[in-house]
2 protein chains.
Amino acid sequence: MSIEPARRVRRSPEAARENILQSAERLLLERGPQGLKLVEVAQGAGVSHATVLHHFGSIDGVQTALAEAMIRQLVARVLAAERPDDPEAQLEGVGQVLFDAFESAGGARLAAWLELTGETRRLTLVREAVAEVISGPMAQKGVDPERATNLILVAVSLAMGVGLIGRSLAELVGRPPETTREAALAFLKSGLAAAIRV
Amino acid sequence: MSIEPARRVRRSPEAARENILQSAERLLLERGPQGLKLVEVAQGAGVSHATVLHHFGSIDGVQTALAEAMIRQLVARVLAAERPDDPEAQLEGVGQVLFDAFESAGGARLAAWLELTGETRRLTLVREAVAEVISGPMAQKGVDPERATNLILVAVSLAMGVGLIGRSLAELVGRPPETTREAALAFLKSGLAAAIRV
DNA sequence: GGTTCTATTGACATTTTTGTCGGTAACTCT
DNA sequence: AGAGTTACCGACAAAAATGTCAATAGAACC
């Protein structure tokens with residue numbers, strides 16, 4: 001009975017990186033930044049930790065790449081929301097998508113993580129996304145850029161807060177977890193409507 | 001020339017813990033959760049790492065104690081805002097204080113940290129604070145508890161978001177860092193006024 | 001002064017985490 | 001089939017981080 005060396009899976013470099021990053025993301029969302037250990041990431045991806053190093057150089061490399069990928073994902077998701085529908089529906093839609101993006105995809109935890117680790121400097125993607133929204137759907141509705149920017153800042157911050165602590169906050173005061181999100185959405189909607197109408 | 005053993009500082013247990021926790025808080029705010037290492041905490045406090053262990057048992061002990069202390073601080077700060085002044089001023093005041101608490105004292109980073117590490121279960125303090133606000137100033141203004149709770153959920157979430165990413169978000173779109181905070185404050189104020197008036 | 005208590009510490013031990021290196025195996029191309 | 005490329009892995013090395021322990025030294029009290 002000789003010991004069979006396990007059959008290797010050989011991926012393309014891109015696929016390998018992708019696979020590893022998925023594992024890393026899972027870990028980040030489940031256990032937080034502390035849980036982002038080399039061996040665990042490797043285990044979750046079904047590879048040896050040496051392989052992770054081969055593709056990313058170091059654990060910091062993994063973190064950076066992960067942040068990059070998640071930001072890209074988040075921005076794309078939000079931008080996908082701008083469709084030239086009727087204003088009301090779109091208003092609602094933007095709110096929905098924004099909250100979704102920050103909650104379900106772990107966007108809030110990502111942002112928090114970035115902020116906590118001080119990686120917030122080089123977020124060109126985000127800047128571009130904001131610019132796009134301001135010059136796109138907002139301007140189209142006749143909102144002046146100054147005000148539009150402010151609205152976006154508030155909306156994103158709110159989405160961030162809700163996505164991060166909304167659920168546990170609601171549970172903390174004995175309400176169903178979606179309560180915060182719903183309340184915030186209503187609040188945001190009426191506020192936006194008021195701000196645009198003026 | 002014999003080597004003098006450095007003179008020891010002997011503190012009371014409480015003072016020693018306090019001293020260490022201050023160092024830990026500084027580190028948490030400056031470098032994030034990753035930077036909370038035993039030796040660094042000790043160094044910052046001017047003691048040996050063995051001393052830290054003597055007082056807190058383990059690094060987790062430090063984290064738990066730190067979280068506890070910071071939460072206590074945050075809640076106290078917010079609750080200090082409920083004074084029976086005139087409604088308008090108080091409205092403004094509560095917003096101010098809420099945002100202050102979450103921004104300056106690192107409350108947002110604390111909350112984010114707690115959330116990321118999944119320590120959100122046993123936050124009795126927060127629950128009690130919310131209950132106090134609901135049955136206190138809110139009820140006094142005739143806001144029904146259901147609505148009051150929702151408002152608080154939204155306000156806290158917003159404060160959280162602003163405190164965490166407000167500054168860098170504003171800078172990201174080329175505005176002065178306080179922009180987000182000011183916009184959010186205005187937004188919150190008008191929203192609150194509207195909600196209460198109805 | 002002497003005694004007691006314990007906060008403090010340096011030195012050591014253990015565990016965890018990260019990184020290195022030579023060889024192996026999967027895939028492509030000829 | 002043979003050769004070249006390189007993703008992959010096991011084993012080892014190094015570093016970092018946490019934890020243990022016996023001895024020391026402040027401070028209070030007698």
Side-chain angles (χ1 to χ4, degrees), chain A residues 1-28 30-67 113 116-117 119, chain B residues 1-28 30-67 113 116-117 119:
Chain A
M1 255 191 159
S2 66
I3 299 172
E4 285 288 317
R7 178 167 183 81
R8 289 186 186 176
V9 188
R10 187 191 177 106
R11 292 169 242 251
S12 73
E14 300 79 34
R17 288 174 60 98
E18 175 62 27
N19 174 43
I20 292 169
L21 282 184
Q22 279 184 16
S23 164
E25 176 172 353
R26 212 176 311 134
L27 275 174
L28 175 70
E30 279 176 7
R31 313 200 192 168
Q34 325 265 15
L36 222 58
K37 307 298 181 186
L38 210 37
V39 286
E40 295 196 53
V41 171
Q43 227 167 13
V47 296
S48 78
H49 83 276
T51 297
V52 177
L53 288 183
H54 172 69
H55 284 290
F56 293 94
S58 72
I59 188 64
D60 287 302
V62 176
Q63 291 194 2
T64 308
L66 178 59
W113 173 53
L116 287 175
T117 40
E119 293 279 337
Chain B
M1 260 191 157
S2 66
I3 298 171
E4 286 288 316
R7 180 169 181 81
R8 289 187 187 176
V9 188
R10 186 191 176 105
R11 291 170 243 253
S12 73
E14 301 79 34
R17 288 175 60 98
E18 175 60 26
N19 174 43
I20 292 170
L21 282 184
Q22 280 185 16
S23 163
E25 176 172 353
R26 212 177 312 135
L27 275 174
L28 175 70
E30 279 176 8
R31 313 199 192 169
Q34 324 265 15
L36 221 59
K37 306 298 181 187
L38 207 38
V39 285
E40 294 197 54
V41 171
Q43 229 167 12
V47 296
S48 77
H49 82 276
T51 298
V52 177
L53 289 190
H54 172 69
H55 285 291
F56 294 95
S58 71
I59 189 62
D60 288 302
V62 176
Q63 290 194 1
T64 309
L66 178 60
W113 172 52
L116 287 175
T117 41
E119 293 279 336

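Quick note: numbers below take in every heavy atom, side chains included, and nothing from hydrogens, waters or symmetry partners. Chain letters run A, B, ... following the sequence lines, proteins first and then strands; every chain starts at 1.
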When you compare the protein's N or O atoms with those of nucleotides 18-22 of chain D, which come within less than 3.5 Å of each other, and at what distance?
residue	atom	partner	partner atom	Å
dT18(D)	OP2	Leu38(B)	N	2.7
dG19(D)	OP2	Ile59(B)	N	3.0
dG19(D)	N7	His49(B)	NE2	3.2
dG19(D)	O6	His49(B)	NE2	3.0

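Atom CZ in Arg7(A) sits about 14 Å away from atom C1' in dA7(D), given to the nearest Å. The distance from atom CD of Gln34(A) to atom P of dT16(C) is 16 Å, rounded to the nearest whole Å. Going from atom CG of Asn19(B) over to atom P of dA7(C) covers 14 Å, rounded to whole Å.
For dT8(C), the OP1/OP2 oxygens have no side-chain nitrogen or oxygen of Thr51(B) closer than 4.0 Å. Within the 4.0 Å cut-off from OP1 or OP2 of dC8(D), not a single side-chain nitrogen or oxygen of His54(A) is found.
Legend: side-chain hydrogen bond (donor to acceptor under 3.5 Å, both in side chains) pairs involving residues 54-63 of chain A, not counting sequence neighbours: none detected.
Residues Ile59(B) and Lys37(B) share a closest heavy-atom pair of CD1-C, 4.4 Å. Taking all atoms of both residues into account, the shortest heavy-atom contact from Leu36(B) to Ala24(B) is CD1-O, 3.4 Å.
In this structure Arg10(A) satisfies the salt bridge (charged side-chain N to carboxylate O under 4.0 Å, His left out) test with no other residue, sequence neighbours excluded. In this structure Glu40(B) satisfies the salt bridge (charged side-chain N to carboxylate O under 4.0 Å, His left out) test together with Arg31(B), sequence neighbours excluded.
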Would you be so kind as to tabulate the donor-acceptor pairs closer than 3.5 Å made by side chains of residues 41-51 of chain B, with sequence neighbours excluded?
residue	atom	partner	partner atom	Å
Ser48(B)	OG	Ala50(B)	N	3.4
Ser48(B)	OG	Thr51(B)	N	3.4
Ser48(B)	OG	Thr51(B)	OG1	3.3

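Here the straight-line distance linking atom CG of Leu28(A) with atom CD of Gln34(A) works out to 11.0 Å at 0.5 Å rounding. Here CD1 of Ile20(B) is found 9.0 Å from CG of Leu53(B). Values are rounded to the nearest 0.5 Å.
For the segment residues 9-18 of chain A, residues with any heavy atom less than 4.0 angstrom from an atom of DNA chain D are, sorted by number, Val9(A), Arg10(A), Arg11(A), Pro13(A), Ala16(A).
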